[in-house]
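Notes follow once the structure below has been shown.
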Amino acid sequence: MTFDHCLYRWESCKDEQKDRAFPRGNMHSSRLLLAALPVLALFTCSKGEIMTNRESVFAEDGTTLKMDQALLAFHNQLTEQVWVFYTSDYCYKCVQQQLVTVKPNNNNASAVISTKFTLTLQVESQTRNATLCRWSQTYEEGGHYSIWIQMPTASTNPICFFSVDKSPNNAYLPLLVAALLLAVIALVFVVVPYIYRRRCTSKCVSFIYHQDSLRSMHNNGTHDCATADNTGEAKPSRLLSLDAFRGFALTLMVFVNYGGGGYWFFQHAPWNGLTVADLVMPWFVFIIGTSVVLAFSSMQRRGVNRLQLLRKITWRTVVLMMLGFCFLNYSPRDGPLSWSWLRIPGVLQRLGFTYFALSLLQTFWGQRQIPESAHHWRNAMQDIFLYWPQWVIVILLETLWLCITFLLPVPSCPRGYLGAGGISDDGLYPNCTGGAAGYIDRWMFGDNMFRYPTCKEMYLTLQPFDPEGILGTINSIGMGFLGMQAGKILLFYKRKNVHILCRYLAWAIILGISAAILTKCKRDGGFIPVNKNLWSLSYVMTMGCFSFLLLGGMFYVIDVKGWWQGQPFIYPGMNSMFVYVGHSLLGFYFPFSWEMRFQESHWELLLQNMWGTALWLLVSYLLHRKKFFLKI
């Protein structure tokens with residue numbers, strides 16, 4: 001049993017999960033953890049048997065399993081010793097790992113396994129050097145299972161069958177209850193304003209009907225009718241759907257950063273593929289692009305010159321990068337600042353640089369006024385043709401990403417490698433995590449990068465890998481440029497809502513088809529898989545498709561029809577920097593979180609994460625009432 005395998009099965013991974021949710025570099029607590037791991041590994045994994053015996057006691061003394069865990073008990077009724085190996089079906093072409101060794105003559109051994117993904121188990125004979133049985137199964141949280149390995153009377157081949165010793169928990173019941181609760185709350189938020197508007201409208205109609213003079217109506221009924229106009233008919237100048245989109249993405253980000261209730265689909269994908277947690281950051285980048293076009297258009301109408309714009313975007317970029325580099329790498333519980341564990345890349349650093357690049361594109365090659373031209377076939381493409389220098393630059397950047405990714409020679413790795421390394425790809429490239437992207441970051445930053453990539457747990461990787469590295473920033477700019485395109489459509493087709501919605505739908509279809517071609521509609525196959533860690537081209541196209549659809553849907557519901565005002569997401573959407581920095585710094589302090597007492601299921605963790613997210617919604621609402629908006 002390898003040291004990394006012990007880390008995979010080691011139960012006390014709370015610090016690592018926190019670092020994954022709130023990247024702070026290699027913190028003081030992480031250094032203590034790393035110092036203690038070798039001792040723990042030697043204690044629990046010596047000869048591969050100590051962990052087995054411990055886990056057997058773990059079941060017999062009545063200790064409760066933690067969430068996303070089940071207990072497998074192997075009973076060997078053969079006269080020969082057997083090995084049990086496993087691999088996760090989510091793990092792409094992974095080398096099998098040894099789970100337990102079961103001695104002969106009615107001996108047994110137990111192992112705690114993860115229930116997040118389907119596992120394929122294989123029982124092999126040491127003496128025969130052959131596979132006795134092999135099966136795939138998804139085990140459920142909290143269940144105790146027995147696997148019996150015995151020789152049937154009518155055959156010379158051993159068989160394996162299993163029984164359920166303790167029924168598992170329903171791991172998704174807490175999520176169902178939470179979903180129903182949120183549905184009731186959302187219904188209240190919709191119904192109450194609707195009833196209020198109907199009541200207000202009825203009062204206005206009744207007032208108009210019973211009055212003879214229009215002057216009297218204005219003098220006596222101003223308050224009620226004004227309220228009806230503000231809630232129903234008034235057309236705000238601010239694009240509420242963009243604020244609601246930003247707030248929705250931020251709320252989801254807070255929830256998944258707090259832990260997402262411990263559910264695997266609210267955490268980042270191990271390598272290829274998409275989960276809910278993989279959606280939020282590209283949405284933010286898309287919104288940055290849209291906001292840049294709308295904000296710069298407004299400033300140019302006010303007569304802000306190019307030098308003033310450059311000063312403003314430079315100041316914003318520096319502040320964003322310093323916030324990410326200093327504050328979000330550090331908290332008081334980490335001890336003194338130290339360069340040895342400081343993380344150089346980061347989320348705010350990526351967002352700041354992307355904002356700077358997009359702002360330069362809009363400053364130097366943005367169109368000040370939309371020309372009024374005669375009807376021509378080029379009018380349908382004018383939001384592209386008028387910005388052709390921007391398109392040329394972005395296409396060159398994407399070409400650069402493709403060339404570096406697939407042509408740069410990486411020592412001991414094949415060209416164009418996009419895998420996770422470790423035990424993937426039959427273990428042929430253990431030190432090639434991320435291919436060219438990982439190689440460039442390790443050469444540039446050394447150890448000052450993310451130590452716990454999402455692939456570490458499943459793929460047992462040894463190399464650090466930073467999802468906010470240098471090469472992925474190129475595609476981050478491409479994602480933001482798609483957001484700029486959404487903003488240009490809003491400007492070019494102002495007050496032509498059908499044209500805006502059709503353009504958004506067309507872009508979503510084009511990007512969706514392109515992503516399907518690049519991936520061949522497979523998670524791990526295709527030319528370029530969808531991968532958030534690499535910010536692959538197919539990932540950008542997939543998220544661009546989702547972004548156009550979501551923004552278009554919110555635009556129709558909020559700004560066109562006025563069916564919804566964007567509450568409660570509009571509040572954090574208008575104070576996004578305050579909420580993001582605040583939840584990152586205070587995420588693991590009371591009252592946003594507390595020490596868990598019930599760790600055997602998702603109930604308490606889901607409650608804690610929803611509570612922390614709701615508190616930030618409340619804080620943003622109170623700040624909105626006080627008209628306090630943190631701006632850079």
Side-chain angles (χ1 to χ4, degrees), residues 21-22 182 185-186 188-190 192-193 196 227 230-231 234 236-259 280-281 283-288 290-292 294-295 298-299 312 315-324 326-328 330-332 346-348 351-352 355 551 554 557-559 562 564-594 607-632:
F22 295 94
L182 291 177
I185 294 174
V188 170
F189 269 98
V190 171
V192 171
Y196 180 77
T227 306
N230 288 338
T231 55
S237 58
R238 189 179 180 94
L239 192 65
L240 296 181
S241 56
L242 189 62
D243 288 327
F245 188 11
R246 185 188 297 110
F248 174 72
L250 182 59
T251 303
L252 195 58
M253 176 182 286
V254 172
F255 177 68
V256 299
N257 281 354
Y258 277 167
V280 290
M281 188 174 175
W283 283 345
F284 261 102
V285 176
F286 185 90
I287 293 167
I288 287 175
T290 307
S291 301
V292 163
L294 299 181
S298 175
M299 287 188 289
K312 186 177 182 66
W315 168 252
R316 278 191 172 184
T317 302
V318 170
V319 171
L320 284 172
M321 287 190 168
M322 293 306 296
L323 280 173
C326 296
F327 289 95
L328 300 192
Y330 170 79
S331 71
V347 173
L348 282 184
L351 295 179
Y355 166 78
L551 180 58
M554 287 190 172
V557 172
I558 297 174
D559 292 306
W564 177 42
Q565 299 301 311
Q567 296 91 347
F569 302 122
I570 196 170
Y571 305 126
M574 297 179 70
N575 232 330
S576 56
M577 185 55 60
F578 182 90
V579 174
Y580 179 80
V581 175
H583 99 278
S584 299
L585 292 177
L586 304 176
F588 291 102
Y589 293 97
F590 187 82
F592 301 101
S593 65
W594 56 84
L607 172 64
Q608 182 184 119
N609 300 155
M610 292 182 64
W611 170 259
T613 305
L615 280 183
W616 284 111
L617 285 173
L618 178 61
V619 168
S620 62
Y621 170 72
L622 296 176
L623 293 177
H624 185 272
R625 289 287 301 271
K626 296 294 183 180
K627 299 194 181 303
F628 174 84
F629 304 103
L630 180 62
K631 296 182 179 180
I632 300 174

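Below, each value reflects all heavy atoms present in this structure, side chains not excepted, and no hydrogens, waters or symmetry copies.
Taking 4.5 Å as the limit, every side-chain heavy atom of Tyr571 sits out of range of all side-chain heavy atoms of Leu617. With contacts defined as side-chain heavy-atom distances shorter than 4.5 Å, the pair Leu351/Met281 qualifies. The side-chain heavy atoms of Met574 and Leu623, taken from C-beta on, include no pair separated by under 4.5 Å. Within the 4.5 Å cutoff, the side chain of Phe284 has no heavy atoms near those of the Val347 side chain. Residues Ile558 and Ile570 form no side-chain contact, since every pair of their non-hydrogen atoms from C-beta on lies 4.5 Å or further apart.
Scanning all heavy atoms of the two residues, the minimum distance from Phe255 to Asn609 falls at CE1-CB, 3.8 Å. Scanning all heavy atoms of the two residues, the minimum distance from Gly566 to Ala244 falls at CA-CB, 4.1 Å. For the residue pair Leu250 and Ser576, the shortest heavy atom distance occurs at CD2-CA, 3.6 Å.
How far CG of Leu240 is from CE of Met554: 12.0 Å, rounded to the nearest 0.5 Å. Atom CG of residue Leu615 and atom OG of residue Ser593 lie 10.5 Å apart, to the nearest 0.5 angstrom. To the nearest 0.5 angstrom, Asn575 atom CG is 11.0 Å from Leu622 atom CG. Within the model, atoms OH of Tyr258 and CE of Met610 stand 14.0 Å from one another, a figure rounded to the nearest 0.5 Å.
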field: Chi angles and distances behind the side chain to side chain contact (heavy atoms under 4.5 Å, CB included) call for Leu551, Phe286
entry: CA-CA 10 Å; Leu551 180 58; Phe286 185 90; 3.9 Å; yes
- request: Apply the test side chain to side chain contact (heavy atoms under 4.5 Å, CB included) to residues Asn257 and Val280: give CA-CA distance (whole Å), side-chain angles for both, the deciding distance (0.1 Å), then the verdict.
  value: CA-CA 11 Å; Asn257 281 354; Val280 290; over 6 Å; no
message: Using side chain to side chain contact (heavy atoms under 4.5 Å, CB included), reason through Thr613 and His583 one step at a time and then give a plain yes or no.
response: CA-CA 9 Å; Thr613 305; His583 99 278; over 6 Å; no
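Residue pairs meeting the side chain to side chain donor-acceptor pair (under 3.5 Å) criterion with at least one partner in residues 241-256, sequence neighbours excluded, are Arg238-Asp243, Ser241-Asp559, Asp243-Arg246, Arg246-Ser291.
Aromatic ring pairs are classed by plane angle as parallel below 30°, tilted from 30° to 60° and perpendicular above 60°; the pair Trp283 and Phe248 is tilted. The aromatic rings of Trp616 and Phe592 sit parallel to each other, their planes meeting at less than 30°, with 60° as the upper class boundary.
Listed by chain and residue number, nothing satisfies the ring-ring contact (aromatic ring centres under 6.0 Å, His included) test with Phe628 (two or more places apart in sequence, or in another chain).
Test Phe569, Phe578, Phe629 against His624 for ring-ring contact (aromatic ring centres under 6.0 Å, His included) and you get one pass: Phe629.
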